[in-house]
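These notes concern the structure reproduced below.
Heavy atoms only: backbone and side chains are in, while hydrogens, waters and symmetry mates are out. In what follows, chains carry the letters A, B, and so on, assigned in the order in which the sequence lines appear, proteins first and then strands, with residues in each chain numbered from 1.
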Amino acid sequence: MPELPEVQTVVNQIRPDLLNQTVKSITPIWGKVFHNFTEKEARLKIYGKQIIDVSRRAKFIIINFKEGIVAIHLRMTGKLYFLNKNDVPSKYATAYLTFKNGKKLIFDDVRKFGRIYLHKNMKSINKRHGPEPLEDSFSPEILINIMKSRKRNVKALLLDQKILAGIGNIYADESLWKSQIHPNSLSHQIPKIRLKKLYESIKIILTDAINQNGTTIINFSVNGESGKYTNELKIYGKENSKCFRCNFKIKKIRVAGRGTYLCTKCQKKYN
DNA sequence: AGGCGTTCCTGGGGGC
DNA sequence: TGCCCCCAGGAACGCC
């Protein structure tokens with residue numbers, strides 16, 4: 001389940017190998033993997049074009065060309081890895097790119113939720129996404145405004161990419177645990193001081209997770225090292241074990257349609 | 001506005 | 001060993 005830190009880790013790992021490379025081809029193995037373009041369009045727009053940067057926006061991996069971008073969303077089980085020209089991709093490969101230097105970038109995706117997009121620029125992605133939580137411009141006031149201006153379940157808000165970009169199920173639970181907020185709290189009822197704590201928790205947790213190469217529950221990158229943040233998790237996946245803070249038994253409930261881990265003793269419900 | 005269910009997909013785990 | 005059912009959950013979409 002790649003979220004912001006995992007996607008950033010993938011970008012960090014593949015960027016050096018992609019920078020300045022010239023695309024020879026991009027080929028779908030599974031029919032629906034190209035979400036908004038055809039092979040023909042790809043041929044016209046990116047064959048022979050040089051990659052000038054590889055970056056991340058929300059949970060998208062962005063391959064930047066002088067004119068246009070290729071955006072890759074890993075969704076649940078997507079992985080990217082390099083092979084040499086004549087190597088055979090795994091049975092779960094849904095697409096691949098080839099480059100002038102003979103390398104091949106494989107998009108591997110067991111559950112086939114992942115998609116590749118071709119866009120002129122970042123406009124269509126930006127308009128569907130809220131602020132980047134790790135950018136300096138993301139301030140406590142912005143988070144307070146997000147929460148206070150809506151009357152919505154706080155976990156649902158954290159997961160909503162239009163509101164805040166990049167957070168998924170694992171880091172939502174971890175951030176709420178660290179800031180001692182019950183996931184079913186109503187956003188506008190949470191005191192400002194608690195929201196400031198939530199802001200700090202999000203920043204710290206995402207930054208630490210990137211430094212640890214993310215959380216590997218299902219491997220998200222084949223070439224790279226596995227994510228070590230798995231060892232730092234305090235609440236996610238820890239049903240029935242003891243809360244690190246208060247020793248109370250950790251529960252698993254459903255919030256916003258997702259499996260949610262929490263400590264009902266030290267995470268306060270505001271409603 | 002916002003909550004909820006459904007869809008897309010497949011592997012893996014639990015129950016029997 | 002095997003079979004069935006449910007669960008995992010990111011995002012879009014339709015409905016109420």
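- Between A:Tyr92 and the phosphate of B:dC9, there is no side-chain N or O to OP1/OP2 separation shorter than 4.0 Å.
- Contact between the side-chain N/O atoms of A:Arg258 and the OP1/OP2 oxygens of C:dG10 is found at a separation under 4.0 Å.
- Residue A:His73 places none of its side-chain N or O atoms closer than 4.0 Å to OP1 or OP2 of C:dG10.
- A cation-pi arrangement, defined by a distance under 6.0 Å to the six-membered ring centre and an angle within 45 degrees of its axis, is present between A:Lys234 and A:Phe244.
- Of the side-chain N and O atoms in A:Tyr117, none sit less than 4.0 angstrom from OP1 or OP2 of C:dA11.
- When the P atom of C:dA8 is taken as reference, atom OH of A:Tyr261 falls 7 Å away, rounded to whole Å.
- The aromatic ring centroids of A:Tyr236 and A:Tyr171 lie 6.0 Å or more from each other.
- The phosphate of C:dA12 has neither OP1 nor OP2 within less than 4.0 Å of any side-chain N or O from A:Lys162.
- Of the P atoms belonging to C:dC6 and B:dG5, the separation is 16 Å, rounded to the nearest Å.
- Note that NE2 of A:His73 and NE2 of A:His35 are 11.0 Å apart. Values are rounded to the nearest 0.5 Å.
- Residue A:Ile253 contributes atom CD1, which lies 16 Å from atom C1' of C:dG9 at whole-angstrom precision.
- The phosphate of C:dA11 (OP1 or OP2) has a side-chain N or O of A:Lys59 nearer than 4.0 angstrom.
- Counting to the nearest Å, the P atom of C:dG10 and the CD atom of A:Gln161 are 8 Å from each other.
- Under a cutoff of 6.0 Å and an axis angle of 45°, A:Arg111 and A:Phe113 form a cation-pi pair.
- Enclosure of atom NZ in A:Lys148 by more than 12 non-hydrogen atoms of other residues, nucleotides or ligands within 6.0 angstrom is indicated.
- Distance CG (A:Asp160) to P (C:dC13): 14 Å, rounded to an integer number of Å.
- Between the side chains of A:Gln8 and A:Asn12, at least one donor-acceptor pair of N or O atoms lies under 3.5 Å.
- The aromatic rings of A:Tyr117 and A:Phe60 sit perpendicular, their planes meeting at an angle over 60°, well past the 30° parallel limit.
- Rounded to a whole Å, the NZ atom of A:Lys112 is 8 Å from the P atom of B:dG11.
- In this structure, A:Asn36 atom CG and C:dA11 atom P are separated by 16 Å, rounded to whole Å.
- Proximity of residues 143-155 of chain A to DNA chain B (heavy atom under 4.0 angstrom from any strand atom) is restricted to A:Arg150, A:Lys151, A:Arg152, A:Asn153.
- Rounding to whole angstrom units, CZ of residue A:Arg115 and P of C:dC13 are separated by 13 Å.
- Note: CG (A:Leu4) to P (C:dA11) measures 11 Å, nearest angstrom.
- Taking the C1' atom of each, C:dG10 and B:dG13 are spaced 22 Å apart, rounded to whole Å.
- Cation-pi contact between A:Lys238 and A:Tyr261: absent, since separation from the ring centre below 6.0 Å together with deviation from the ring axis within 45° is not met.
- An aromatic stack links A:Phe113 and the base of C:dG10, using centre distance under 5.5 Å and interplanar angle under 30°.
- In the set C:dA8, B:dC8, C:dG10, the nucleotide with an atom closest to the side chain of A:Arg75 is C:dG10.
- Taking atom P on both B:dC9 and C:dC4, the two are 23 Å apart, rounded to the nearest angstrom.
- Listed pair A:Arg128 / C:dG10 fails the phosphate criterion, with no side-chain N or O lying under 4.0 Å from OP1 or OP2.
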